[in-house]
Trainee: 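What follows is a structure written as structure tokens; I'll ask about it next.
Numbers here simply count residues along the sequence, with the first being 1.
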Amino acid sequence: MRNLTRTFAAVAALGLAVGAASYTPPAAAREVVVIRNAPPPPRFERVPPPRVGYVWAPGYWNWYGGRYVWVGGRWAAARPGYVYRGPGWRPYRGGYHYERETWVRDPHWHR
């Protein structure tokens, strides 16, 4: 009986290890929402004078309540060694999908 329990425990541990190594998040976590109609052209925004330690994040069209809604620009705290990439709508499978703002490493940055 003891050997059977040990064998079962070893097989269970192996199964958990294999399952954890091959886990992928649920499809909902990777879901891409596609909007069939293109967003309107960006609105003109007067960019305020520069602020030390900040970058200007321009306004963009957000999808809310079944329609596009304008979100005005704002100041974002700068991140040394990174470049701000604003949000936007990109063509995707016959429609458009929204890509959130992000910070990407600046390949030219040196301390």
Trainee: Would you mind listing the cluster partners of Y64? Hydrophobic ones only (ILVMFWY), side-chain contacts under 4.5 Å, chaining allowed.
Mentor: V69
Trainee: Who clusters with V55? Use side-chain heavy atoms, under 4.5 angstrom, across I, L, V, M, F, W and Y, and order the result by chain and number.
Mentor: Y82, Y84, W103
Trainee: What pair of heavy atoms forms the shortest contact from W61 to W89, and how long is it?
Mentor: O-NE1, 2.6 Å
Trainee: Hydrophobic cluster mates of V104, side-chain heavy atoms under 4.5 angstrom, ILVMFWY only, any path?
Mentor: V83
Trainee: Considering residues, nucleotides and ligands other than R85, do more than 12 of their heavy atoms fall under 6.0 Å from its CZ?
Mentor: no
Trainee: Roughly how far apart are Y92 OH and E99 CD, rounded to 0.5 Å?
Mentor: 10.5 Å
Trainee: Tell me which pairs pass salt bridge (Lys or Arg N to Asp or Glu O under 4.0 Å) where either residue lies in residues 62-75, with sequence neighbours left out.
Mentor: R74-E101
Trainee: Got a list of side-chain donor-acceptor pairs under 3.5 Å for residues 35-43, not counting sequence neighbours?
Mentor:
| residue | atom | partner | partner atom | Å |
| --- | --- | --- | --- | --- |
| R36 | NH1 | R93 | O | 3.1 |

Trainee: Atom CZ of residue position R100 - does it have more than 12 heavy atoms of other residues, nucleotides or ligands inside 6.0 Å?
Mentor: no
Trainee: What residues join Y54 in its hydrophobic cluster, counting side-chain heavy atom gaps under 4.5 Å, either direct or through other members?
Mentor: V47, W56, W75
